[in-house]
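To start, the structure under review is shown below, and the notes come after it.
Below, chain A is the first sequence line, B the second, and so on; all start at residue 1. Note that these values count all heavy atoms, side chains included, but never hydrogens, waters or copies made by symmetry.
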There are 2 protein chains.
Amino acid sequence: MAKVRRRGAVLEQAILRAAADELTESGYAGLTMDRVARRAGTNKNALYRRWPNRAALGVAAYKQLVEIRLGPPDTGSLREDVLAVLRQMNEDVATPRADLVRGLMASAAEDPELFAELQKMVGDGGSSMWLTILGRAVDRGEASPASLHPRLATVAVTLLRNEYLTGLTPVPDDVIVEIVDRVYLPLVRSRP
Amino acid sequence: MAKVRRRGAVLEQAILRAAADELTESGYAGLTMDRVARRAGTNKNALYRRWPNRAALGVAAYKQLVEIRLGPPDTGSLREDVLAVLRQMNEDVATPRADLVRGLMASAAEDPELFAELQKMVGDGGSSMWLTILGRAVDRGEASPASLHPRLATVAVTLLRNEYLTGLTPVPDDVIVEIVDRVYLPLVRSRP
DNA sequence: ACCATAAGGTACCTTGAGTACCGTATCAAC
DNA sequence: GTTGATACGGTACTCAAGGTACCTTATGGT
């Protein structure tokens, strides 16, 4: 019996891979320690040696899933840039992912450190990206320089995130357009 | 042994009361069927005869907690009105309640009907109240008539809700002021 | 070649959701 | 009253899943 025994980083990656797969297939509810262990071809010990509990593994696995970040679009028009980002996000976050974030948030709330980590991935809103997009728009005269403030710049994502956290995904395209045309564009153009 | 046996609505109220108490004391995680039953002086049968599962009971109990709605303030100034509502909300929703909403949302997501009900309580944002506040502001010339649109009117609550759903509560007062002064007021004043 | 370390294997504890049954108080209808 | 359906109380159970304990064995460093 040739039992090649994986160790360290190799095994860790295998576990994370298994966990991420489980997340995408069955959501956070489907992420049980036994299933992940079995799928990774190992057992719960190996998991608990690395993560203190299910929530921590969940967050780590989720991190794998969101690593694929793309740069800001540059269509030459603020409206198109914003629509592109929101639509992209709406696709990424479609049905299974929203459940996932809800589950993780609920489950990680007990551990402040873990929650903070999750927050970085979910709640941040990527303000630097938005400031880039807006910066270009300011140069083109499409937005006021006063709009270059994180809270203001991320209003569009924040509203969309609210939609899929409190509603059912995916968000209809009309809603996205409404957010952009009735809220975001008027806001960044205005003169405070 | 004089066993006065409660039935129907009486018992139902007792259960809901017990569940609501459990929610405020220990959060959604503390809402176990056994505990609620014991606290209400009954047993799980009585619970399952009324609600199909824990999530449904949780939502029903939560409804009890949020029934106390107050009307919109009328300070004579839009800024003060908005600040008052947001600050009130921030107090109401302080620490335990945010966990609660997160837990319920995650747990109710499987049942669309239940989720919709919860959404009405959490996600709605009370657009009618906001339209009232804004309506007065329009009369005073503090806001543009074009701002009388649900999506636009509720932007402030939505941003605040996002804070306490993705962050840890309570939200610092600076954040509330920032939302009002840098986003909401400029938005409702502007007119393209 | 040795040895601490970390795998694998398995069995276990505990909590909590949900179910099944049974006896009995309550209420309505006759 | 007497009867009969309903629904409450009590208890005991199943099942799934998080988390722990303990032992054996492969692995890689010294």
Mind checking whether A/L114 and A/L118 have side chains closer than 4.5 Å, heavy atoms only? no
Quick one: side-chain contact (heavy atoms from CB on, under 4.5 Å) partners of A/E80, sequence neighbours excluded? A/T75, A/S77, A/L83
Short heteroatom pairs, N/O only, protein and nucleotides 2-6 of chain D, under 3.5 Å:
residue, atom, partner, partner atom, Å
D/dT6, O2, B/R7, NH2, 3.3

Expressed in angstrom and rounded to an integer, what is the separation of B/N43 atom CG from C/dA20 atom P? 15 Å
May I ask you to say what A/L47 touches in the nucleic acid, namely base, sugar-phosphate or nothing, with a heavy-atom cut-off under 4.0 Å? nothing
Where along residues 16-28 of chain B does a heavy atom come under 4.0 Å from DNA chain D, residue by residue in number order? none
Can you find a pair of side-chain heavy atoms, one from A/L16 and one from A/Q13, that are under 4.5 Å apart? yes
Can you name the residues that form a side-chain contact (heavy atoms from CB on, under 4.5 Å) with B/A106, not counting sequence neighbours? A/R102, A/A106
Where at least one partner belongs to residues 133-189 of chain A, residue pairs that pass ring-ring contact (aromatic ring centres under 6.0 Å, His included), sequence neighbours excluded: A/W130-A/Y184
Can you name the residues that form a side-chain contact (heavy atoms from CB on, under 4.5 Å) with A/P73, not counting sequence neighbours? A/D81, A/A84, A/V85, A/I133
Is there any protein nitrogen or oxygen under 3.5 Å from a nitrogen or oxygen in nucleotides 13-15 of chain C, and what are the pairs?
none

Does some side-chain heavy atom of B/V138 sit less than 4.5 Å from a side-chain heavy atom of B/V188? no
List, one per line, each side-chain donor-acceptor pair under 3.5 Å for residues 40-48 of chain A, sequence neighbours excluded.
residue, atom, partner, partner atom, Å
A/N43, OD1, A/N45, N, 3.4

side-chain hydrogen bond (donor to acceptor under 3.5 Å, both in side chains) partners of A/Y28, counting only residues at least two apart: A/S107
Distance below 4.0 Å between B/T42 side-chain N/O and D/dG9 OP1 or OP2: yes
Between the protein and nucleotides 19-22 of chain D, are there any N/O to N/O pairs under 3.5 Å, and if so, what are the atom names and distances?
residue, atom, partner, partner atom, Å
D/dG19, OP2, A/Y48, OH, 3.2
D/dG19, OP2, A/R54, N, 3.0
D/dG19, N7, A/K44, NZ, 2.6
D/dG19, O6, A/K44, NZ, 2.6
D/dA21, N6, A/N45, OD1, 2.9
D/dA21, N6, A/N45, ND2, 3.3
D/dC22, N4, A/N45, ND2, 3.4

Nearest-Å distance, CZ (B/R5) to P (D/dG9)? 6 Å
Tell me every residue that passes side-chain hydrogen bond (donor to acceptor under 3.5 Å, both in side chains) with B/R54, counting only those two or more places apart in sequence or in another chain. none
Tell me: CZ of B/R50 to P of D/dA7, nearest whole Å? 9 Å
Within the 4.0 Å heavy-atom criterion, would you say A/R35 contacts the bases, only the backbone, or no part of the nucleic acid? nothing
Checking A/T154 side chain against A/V157 main chain: does a donor-acceptor pair fall under 3.5 Å? no
Going by side-chain contact (heavy atoms from CB on, under 4.5 Å), name the residues that satisfy it together with A/R39, two or more places apart in sequence or in a different chain. A/A18, A/D21, A/E22, A/E25
Could you tell me whether B/R38 contacts a base, only the sugar-phosphate backbone, or nothing, with contacts defined as non-hydrogen atoms closer than 4.0 Å? nothing
Would the number of heavy atoms belonging to other residues, nucleotides or ligands and lying under 6.0 Å from CZ of B/R151 be above 12? yes
Could you state the atom-to-atom distance from CD1 of B/I15 to P of D/dA7 in whole Å? 13 Å
